[in-house]
Chemist: 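Quick one: structure below, then a few questions.
Lettering of chains follows the sequences in order, A, B, ..., and the numbering in each one begins at 1. What you see below is based on every heavy atom in this structure, not just the backbone, and it leaves out hydrogens, waters and symmetry mates.
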Amino acid sequence: MTISGWIQIALYCAIIIAITRPLGGFLTTLATGGRSFLSPVLGPVERGIYAACGVKPTDEQSWVGYAVAMLMFKVVGFVLAYAILRLQTVLPLNPAGQSAITPDLAYNTAVSFLTNTNWQSYGGESTMSNASQMVALTVQNFMSAAAGIAIAFAFVRGFSRRSAKTIGNFWVDLTRITLYGLIPICIIFTLVLVWQGVPQTLGGFVDATTLEGAKQTIAIGPVASQEAIKMLGTNGGGFFNANSAHPFENPTALVDFFQMISIFAIGAALTNMFGRMVGSEKQGWAVFAAMGILFLVGVSVLYWSEAHGNPLLTALGVDPSMGNMEGKEIRFGITQSALFSTITTAASCGAVNSMIESFLPLGGMVPMVNMMLGEIIFGGVGSGLYGFMMFAIVAVFVAGLMVGRTPEYLGKKIEAREIKMTMLAILCLPLVMLGFTAVAVVVTAGTTGISASGPHGFSEALYAYVSAAANNGSAFAGLSANTKFWNTSLGIGMMIGRFFVIIPALAIAGSMAAKKTVPPSAGTFPTDGPMFVGLALGVILIVGGLTFFPALALGPIVEHFALAAGTTY
Amino acid sequence: MLSSLRPAIVMIVLMTIITGIAYPLAMTGVAGVIFPHQAEGSLITRDGKTVGSELIGQNFTTDAYFHPRPSATTDTDPADATKTVPSPYNAASSGGSNLAPSAKALVDRVAADVAKLKAENPGATIPGDLVTTSGSGLDPDISPAAAQFQVPRIARARKLDPVTVAALVASRTEAPLFGLLGEPRVNVLQLNLALDQAGK
């Protein structure tokens with residue numbers, strides 16, 4: 001660990017804090033239907049889309065209507081993405097001559113991009129045509145992010161409205177977020193990426209003759225435009241197999257830094273949007289603080305772990321002062337690799353700039369814990385906020401039980417229905433993460449895909465289902481996941497992890513919106529102060545710890561002690 | 001339920017046109033005009049031939065060139081399409097070793113590399129990056145320490161003064177941006193091009 005490393009981390013945190021409020025204000029404008037500075041240009045496009053869709057923007061939907069619209073959009077999106085992937089050999093824009101994609105891989109990939117997971121059972125540059133990358137995958141990068149933010153808007157409306165029947169219009173939210181928010185930011189971001197060296201071309205692969213006379217084929221394509229939304233929308237699905245470790249996706253330390261900022265930008269800003277919508281920005285900052293504390297703990301542990309060399313290699317005479325460099329790039333070093341890996345798994349991004357499978361055991365455990373907690377540390381765009389709110393509801397419920405008073409949050413009474421929905425959302429994640437792992441490590445179809453032996457092999461399977469259910473998409477990438485068993489089971493896990501959280505979240509929004517607001521009294525538990533932050537953190541860590549500690553003990557923790565004792569597998 | 005079908009279909013078609021076709025094509029057009037070199041992959045040409053990309057590492061094995069880090073990239077086995085064979089710096093199939101820190105395969109690989117490096121430059125400390133593979137398998141850089149480690153070998157092979165070679169390495173070392181972001185590094189392909197230039 002170095003001083004300059006800690007300064008980079010501090011600088012990163014300062015920038016995130018600085019952009020939260022302005023970007024939060026902008027998102028509030030989008031959520032409330034206000035005009036943005038782009039309205040004069042894009043207003044006609046927006047109205048044209050509503051007219052073509054037959055949507056009246058002033059007609060709002062109940063929570064059921066909102067959920068049905070979202071699900072219908074997902075079904076149609078799945079059919080289109082699946083069709084394009086299956087047909088890439090007959091579609092244009094396939095300069096590298098990529099072959100056909102199998103049904104199970106196309107299903108897995110379509111579900112993966114639809115659910116904002118972006119798990120990749122394939123290597124991008126050796127599997128996907130430019131048409132698949134652009135028309136199937138980039139579109140879903142935008143749409144899954146916009147849908148996630150839309151759900152967060154609807155959820156917050158549940159708290160900000162009183163005695164209301166509706167929580168917004170899905171089509172309007174989706175359109176406004178995409179047109180005014182995601183596309184303009186991505187256009188600027190794309191140009192910054194190209195300036196720094198990310199390719200953006202429709203040409204075929206380049207053949208070079210190396211100085212030693214060998215032939216090197218260099219994969220290339222429309223990378224920058226996909227990279228921008230991949231980061232901003234916390235998607236994480238790379239153009240190349242090596243993702244953001246690839247020099248064409250992430251050529252410099254400056255780009256790396258921008259990528260890290262873009263992962264957290266919208267997730268952090270949504271806490272401020274929440275505060276503004278419920279009438280007190282302090283409420284948003286309390287949520288931000290709880291998330292920020294968990295983030296700082298994670299990044300410190302990961303940085304500390306990776307700054308040590310691998311003791312087995314040090315014993316062979318390798319200088320440990322550079323840290324554990326297996327799977328890491330020189331231009332990022334330990335600091336940016338540790339910071340990136342914490343951010344990408346705290347949010348539901350899943351892009352990686354270093355190979356997490358090769359991290360030291362405790363270093364690899366931090367990303368796993370981030371995802372197991374449900375990706376509520378800023379989290380995926382939208383999903384981080386409503387995911388955290390589930391825990392906030394449990395926290396105020398527990399506080400209410402302690403003093404024997406009906407719990408309330410932001411003036412809304414929390415009753416049996418909300419708690420049932422919250423528990424459904426919170427419990428479905430461990431069901432997939434632990435249940436599916438348990439199956440995969442005992443059946444042959446599962447174990448044949450696992451590359452590592454010993455406790456690390458268990459971690460590999462656990463990481464895969466944790467990543468799928470949390471809609472992250474990063475991997476212990478030694479896993480050979482492109483088989484019927486893994487593609488199918490991971491696809492199911494991703495859908496459960498997405499929709500069994502979104503639908504309860506919308507149900508809570510609907511019942512909250514219908515409630516009256518109770519004015520605060522002397523007995524009201526304040527949810528904008530350190531007491532609430534501490535209680536929410538306690539709930540998150542206790543629920544997460546009780547659920548996952550045994551599994552972690554079998555994987556990374558055992559491996560840590562084995563490594564210290566010099567055992568290899 | 002079905003009343004949502006029309007907006008869903010029209011919306012996905014319109015958004016596909018906007019975000020999947022118009023946006024990437026427009027960005028390709030604009031990027032090609034403003035940053036043509038980067039947009040096409042930052043390619044390097046020498047004597048009219050493309051020798052590689054500034055950003056993509058390439059394999060060097062002879063004594064007269066600086067070597068990059070080990071690479072874990074693979075290629076399809078020409079004899080059996082279902083298998084893969086090692087193919088370092090295969091820029092059409094990126095990826096890391098994904099070996100566990102406790103993997104015997106990792107320890108064995110590093111032990112073999114350490115033995116070779118010790119024979120090449122006895123007594124010197126072995127920099128960590130020279131025996132570890134990168135995440136992409138295409139890392140264009142090595143650390144300044146890894147470059148200095150190879151100076152005696154280059155000087156012998158090229159019959160140059162080691163001080164000259166070390167000075168070349170120092171002149172090609174890039175510092176972190178603003179002295180803060182990233183790590184100090186040396187681009188291996190650029191260094192080797194400079195080395196060829198110096199020998200002329």
Side-chain angles (χ1 to χ4, degrees), chain A residues 52-55 68-69 72-73 76-77 126 134-135 138-139 142 171 190 194-195 197 199-201 208 210 216-220 222 225 240-242 245-247 251 253-254 257 310 312-313 316-319 322 325-327 329-331 333 354-355 357 360 452 456 477-478 559 563 568-569, chain B residues 1 4 6-12 14-16 19-20 24 27-28 31 35 38-42 49-53 55-56 58 91-96 98-102 104 107 110-111 114 125-129 131-132 134-136 138-141 143 177 180-183 185 192:
Chain A
C53 292
V55 168
V68 167
M72 190 61 85
F73 186 62
V76 172
S126 56
M134 283 164 45
V135 185
T138 304
V139 172
F142 275 99
W171 308 114
T190 301
V194 180
W195 165 55
Q200 177 71 22
T201 171
T210 69
Q216 187 184 37
T217 301
I218 300 174
I220 199 165
S225 57
F240 298 102
N241 184 44
H246 197 294
L254 182 66
F257 206 71
N310 183 337
L312 298 176
L313 305 192
L316 296 171
V318 177
D319 180 9
M322 278 184 82
M325 285 303 287
E326 181 74 13
E329 305 280 306
I330 295 290
R331 61 194 180 284
S354 47
M355 294 302 134
E357 173 134 32
L360 292 168
H456 200 85
E559 194 189 5
L563 197 67
T568 58
Y569 295 93
Chain B
M1 197 88 187
S4 290
R6 176 182 161 198
I9 292 174
V10 177
M11 184 69 83
I12 195 72
L14 291 178
M15 287 299 177
T16 299
T19 64
M27 296 322 296
T28 306
F35 306 111
Q38 293 95 316
E40 294 296 329
S42 309
K49 276 195 302 190
T50 303
V51 295
S53 164
L55 297 172
I56 302 293
Q58 57 181 241
S93 182
S94 58
N98 285 308
L99 288 172
S102 59
K104 190 166 183 305
V107 176
V110 172
V114 165
T125 321
I126 295 171
D129 58 324
V131 293
T132 49
S134 62
S136 61
L138 303 172
D139 196 339
D141 304 312
S143 67
L177 188 67
L180 182 64
L181 293 184
E183 304 290 328
R185 64 198 196 279
N192 283 332

Chemist: Please check if the side chain of A/Asn310 supplies one atom and the backbone of B/Pro101 the other of a donor-acceptor pair under 3.5 Å.
Modeler: yes

Chemist: Relative to chain B, which of A/Gly317, A/Ala245, A/Ser354, A/Gly327 shows the most heavy atom pairs under 4.5 Å?
Modeler: A/Gly327

Chemist: Quick one: CG on A/Asp319 to OG1 on B/Thr125, what's the gap to the nearest 0.5 Å?
Modeler: 6.0 Å

Chemist: Among B/Pro140, B/Gly128, B/Ser134, single out the residue with the greatest number of heavy-atom pairs under 4.5 Å to chain A.
Modeler: B/Ser134

Chemist: Any side-chain heavy atom of B/Ile56 sitting closer than 4.5 Å to one from A/His246?
Modeler: yes

Chemist: Can you see which heavy atom on B/Ser143 is nearest to which on A/Ile330, and at what distance?
Modeler: N-CD1, 3.9 Å

Chemist: Of the backbone (N, CA, C, O) and the side chain (C-beta and beyond), which part of B/Leu14 lies under 4.5 Å from a heavy atom of chain A, both, or neither?
Modeler: side chain

Chemist: Contact part of A/Val318 toward chain B, heavy-atom cut-off under 4.5 Å: side chain, backbone, both or neither?
Modeler: both

Chemist: I want to check something: taking the side chain as every heavy atom from C-beta on, are B/Met15 and A/Phe142 in contact at a cut-off of under 4.5 Å?
Modeler: no

Chemist: Tell me, out of A/Ala452, A/Gly197, A/Ser126, who's got the most heavy-atom pairs with chain B below 4.5 Å.
Modeler: A/Gly197

Chemist: What pair of heavy atoms forms the shortest contact from B/Leu138 to A/Pro247, and how long is it?
Modeler: O-CG, 3.7 Å

Chemist: Under 4.5 Å from any heavy atom of chain B, what part of A/His456 do you find: side chain, backbone, both or neither?
Modeler: side chain

Chemist: Under the 3.5 angstrom rule, does the side chain of A/Asn241 hit a backbone N or O of B/Ser93 as a donor-acceptor pair?
Modeler: no

Chemist: Do you know which of B/Thr28, B/Val131, B/Ile9 has the most heavy-atom pairs with chain A at a distance under 4.5 angstrom?
Modeler: B/Thr28

Chemist: Give, as side chain, backbone, both or neither, the part of A/Leu563 having an atom under 4.5 angstrom from any heavy atom of chain B.
Modeler: side chain

Chemist: In Å, rounded to the nearest 0.5 Å, how long is the span from CG of B/Asp129 to CD of A/Glu326?
Modeler: 11.5 Å

Chemist: So, do A/Glu329 and B/Ser136 sit near enough that their side-chain heavy atoms are less than 4.5 Å apart?
Modeler: yes

Chemist: Can you say whether A/Glu559 sits under 4.5 Å from chain B via the side chain, the backbone, both, or neither, judging by heavy atoms?
Modeler: side chain

Chemist: Between A/Leu360 and chain B, which part of the residue has a heavy atom less than 4.5 Å away: side chain, backbone, both or neither?
Modeler: both

Chemist: Given the options A/Thr138, A/Ile220, A/Thr190, which has more heavy-atom pairs under 4.5 Å with chain B than any of the others?
Modeler: A/Thr190

Chemist: Taking the side chain from A/Ser225 and the backbone from B/Met27, do they hold a donor-acceptor pair closer than 3.5 Å?
Modeler: no

Chemist: Is A/Met355 close to B/Leu99 at the side-chain level, that is, under 4.5 Å between some pair of heavy atoms?
Modeler: no

Chemist: Before giving the answer on side chain to side chain contact (heavy atoms under 4.5 Å, CB included), spell out for B/Asp139 and A/Arg331 the whole-Å C-alpha distance, their side-chain angles and the decisive distance to 0.1 Å.
Modeler: CA-CA 8 Å; B/Asp139 196 339; A/Arg331 61 194 180 284; 4.0 Å; yes

Chemist: Can you tell me which portion of B/Val114 sits under 4.5 Å from chain A's heavy atoms? Options are side chain, backbone, both or neither.
Modeler: side chain

Chemist: Please flag which part of B/Leu181 lies under 4.5 Å from any non-hydrogen atom of chain A: side chain, backbone, both or neither.
Modeler: both

Chemist: Heavy-atom pairs under 4.5 Å with chain A: which of B/Gly41, B/Pro127, B/Ser102 has the most?
Modeler: B/Ser102

Chemist: What's the shortest heavy-atom distance between A/Gln216 and B/Ala91, and which atoms?
Modeler: NE2-CB, 3.9 Å

Chemist: How close do A/Met72 and B/Ser4 get, heavy atom to heavy atom, and via which atoms?
Modeler: CG-O, 3.6 Å

Chemist: Would you name the heavy atoms of B/Gly182 and A/Ala253 that are closest together and state the gap between them?
Modeler: CA-CB, 3.5 Å

Chemist: If you measure from CD on B/Gln38 to OG1 on A/Thr201, what distance do you get to the nearest 0.5 Å?
Modeler: 13.0 Å

Chemist: If you compare all heavy atoms of A/Ala219 against all heavy atoms of B/Ala92, which two are closest, and at what distance to 0.1 Å?
Modeler: CB-CA, 4.0 Å

Chemist: Please rank A/Leu254, A/Leu312, A/Val76 by heavy-atom pairs under 4.5 Å with chain B and give me the top one.
Modeler: A/Val76

Chemist: Under a 4.5 Å heavy-atom cut-off, does chain B meet the side chain of A/Met322, its backbone, both or neither?
Modeler: side chain

Chemist: By a 4.5 Å heavy-atom criterion (distance strictly below it), what part of B/Ser42 contacts chain A: side chain, backbone, both, or neither?
Modeler: side chain

